[in-house]
> 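Right, I'll just put the structure down here and ask away after.
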Amino acid sequence: MHEKQLRVRYIRVLEKFFTRTVSLLKLENFDKNLFKERILKNYEDIKRVKAVDLNSQYLTNLIAFINRTLQSLESSTDEDFENVRATLLKEANLLQKEKKRSTYKKDKHKNSKFDDGY
């Protein structure tokens with residue numbers, strides 16, 4: 001398999017984990033045990049795919065978010081988990097902003113904007 005295919009597959013698995021984690025964190029009837037169970041299940045998908053070096057700021061932050069999520073499952077207690085949940089949601093929002101900022105938007109009417117009077 002080509003290196004580019006491996007890279008794309010790895011990125012897709014990371015983003016799938018991210019979106020699933022965020023949707024679990026945003027649930028109104030949030031349950032820590034269910035969250036932990038599903039996060040570990042989703043992490044199995046990441047383990048199956050070969051890890052590839054990623055250089056983009058967004059992707060390195062995405063990997064850091066995944067690692068923080070897994071660490072928070074191990075280290076936090078039930079009473080403390082509301083604070084951890086809020087922190088993870090904040091980091092997820094910042095990560096989504098980072099992704100949207102890197103998208104390129106083309107000016108549709110750039111020729112009509114410039115009018116020097118001639």
Side-chain angles (χ1 to χ4, degrees):
M1 195 177 293
H2 295 323
E3 183 179 327
K4 190 172 184 178
Q5 290 174 329
L6 290 172
R7 184 177 188 279
V8 168
R9 180 176 289 166
Y10 185 58
I11 291 171
R12 284 184 181 158
V13 168
L14 291 176
E15 288 184 337
K16 185 186 283 187
F17 180 91
F18 175 72
T19 55
R20 288 177 178 172
T21 303
V22 170
S23 65
L24 285 171
L25 285 169
K26 288 183 178 179
L27 287 176
E28 288 187 26
N29 53 354
F30 182 78
D31 180 27
K32 183 186 178 212
N33 296 326
L34 177 69
F35 178 73
K36 185 174 184 177
E37 176 185 322
R38 291 214 181 140
I39 291 298
L40 294 176
K41 181 182 173 195
N42 294 338
Y43 186 65
E44 294 298 320
D45 293 340
I46 294 177
K47 285 183 181 178
R48 280 190 238 134
V49 177
K50 182 181 176 187
V52 179
D53 289 335
L54 302 172
N55 299 326
S56 126
Q57 181 71 30
Y58 165 70
L59 295 173
T60 54
N61 288 342
L62 181 62
I63 293 172
F65 175 80
I66 292 170
N67 291 334
R68 265 186 243 111
T69 304
L70 293 171
Q71 287 174 353
S72 68
L73 287 179
E74 297 170 0
S75 63
S76 64
T77 61
D78 289 338
E79 301 83 28
D80 185 42
F81 203 74
E82 264 318 301
N83 294 333
V84 172
R85 178 182 175 204
T87 306
L88 287 175
L89 277 172
K90 182 178 180 184
E91 290 176 9
N93 287 337
L94 291 174
L95 197 57
Q96 287 171 338
K97 278 185 183 179
E98 177 73 29
K99 183 179 182 180
K100 287 183 180 180
R101 185 168 41 123
S102 66
T103 59
Y104 172 75
K105 287 191 176 181
K106 180 180 175 184
D107 288 338
K108 288 185 177 180
H109 306 288
K110 69 177 184 179
N111 292 335
S112 64
K113 286 183 180 177
F114 182 75
D115 183 23
D116 61 349
Y118 288 104

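Only heavy atoms go into these numbers, but all of them, side chains included; no hydrogens, no water, no symmetry mates. Start at 1 with the first residue, then count along the sequence.
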> Answer with yes or no whether the hydrophobic clustering places Val8 together with Ile46; edges join I, L, V, M, F, W, Y residues whose side-chain heavy atoms lie under 4.5 Å apart.
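Result: no, two separate clusters.
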> Among residues at least two apart in sequence or on other chains, which ones pass salt bridge (Lys or Arg N to Asp or Glu O under 4.0 Å) with Glu98?
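Salt bridge (Lys or Arg N to Asp or Glu O under 4.0 Å) list for Glu98, sorted by chain: Arg101.
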> Could you tell me the separation between the OG1 atom of Thr69 and the CD1 atom of Ile39, rounded to the nearest 0.5 Å?
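It is 6.5 Å, given to the nearest 0.5 Å.
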> Return the minimal non-hydrogen interatomic distance between Leu95 and Phe65, and the atom names on each side.
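Heavy atoms only, the tightest pair is CD2-CB, 4.0 Å.
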> Please report the interatomic distance CZ(Phe81) to CG(Asn33), rounded to the nearest 0.5 Å.
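It comes to 10.0 Å.
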> Could you note down all residue pairs passing side-chain hydrogen bond (donor to acceptor under 3.5 Å, both in side chains) where residues 44-53 supplies at least one of them, sequence neighbours left out?
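Counting only pairs at least two positions apart or across chains, the side-chain hydrogen bond (donor to acceptor under 3.5 Å, both in side chains) contacts touching residues 44-53 are Arg20-Asp45, Asp45-Arg48.
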> May I have the list of side-chain donor-acceptor pairs in residues 85-94 shorter than 3.5 Å, sequence neighbours left out?
| from | atom 1 | to | atom 2 | distance (Å) |
| --- | --- | --- | --- | --- |
| Arg85 | NE | Leu25 | O | 2.8 |
| Arg85 | NH2 | Leu25 | O | 2.8 |
| Arg85 | NH2 | Leu27 | O | 2.8 |
| Thr87 | OG1 | Asn83 | O | 2.8 |
| Glu91 | OE1 | Arg68 | NH1 | 2.6 |
| Asn93 | ND2 | Leu89 | O | 3.4 |

> Identify the two heavy atoms, one from Phe17 and one from Tyr43, that lie closest to each other, and give their separation to 0.1 Å.
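Taking Phe17 first and Tyr43 second, the nearest heavy atoms are CE1-N, 3.8 Å.
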> In Å, rounded to the nearest 0.5 Å, how long is the span from CD1 of Ile66 to CD of Glu15?
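These two atoms lie 9.5 Å from each other.
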> Do other residues, nucleotides or ligands put more than 12 heavy atoms under 6.0 Å from Gln5 CD?
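It does: Gln5 CD has more than 12 such atoms within range.
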> Nearest 0.5 Å please: distance from the NZ atom of Lys16 over to the CG atom of Asn42.
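If I round to the nearest 0.5 Å, the distance is 9.0 Å.
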> Of Leu62, Asn61, Asn55, which is the lone residue that meets side chain to side chain contact (heavy atoms under 4.5 Å, CB included) with Leu59?
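One option only clears the test, and that one is Leu62.
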> Relative to each other, are the rings of Phe30 and Phe35 parallel, tilted or perpendicular (30° and 60° limits)?
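Correct class here is tilted.
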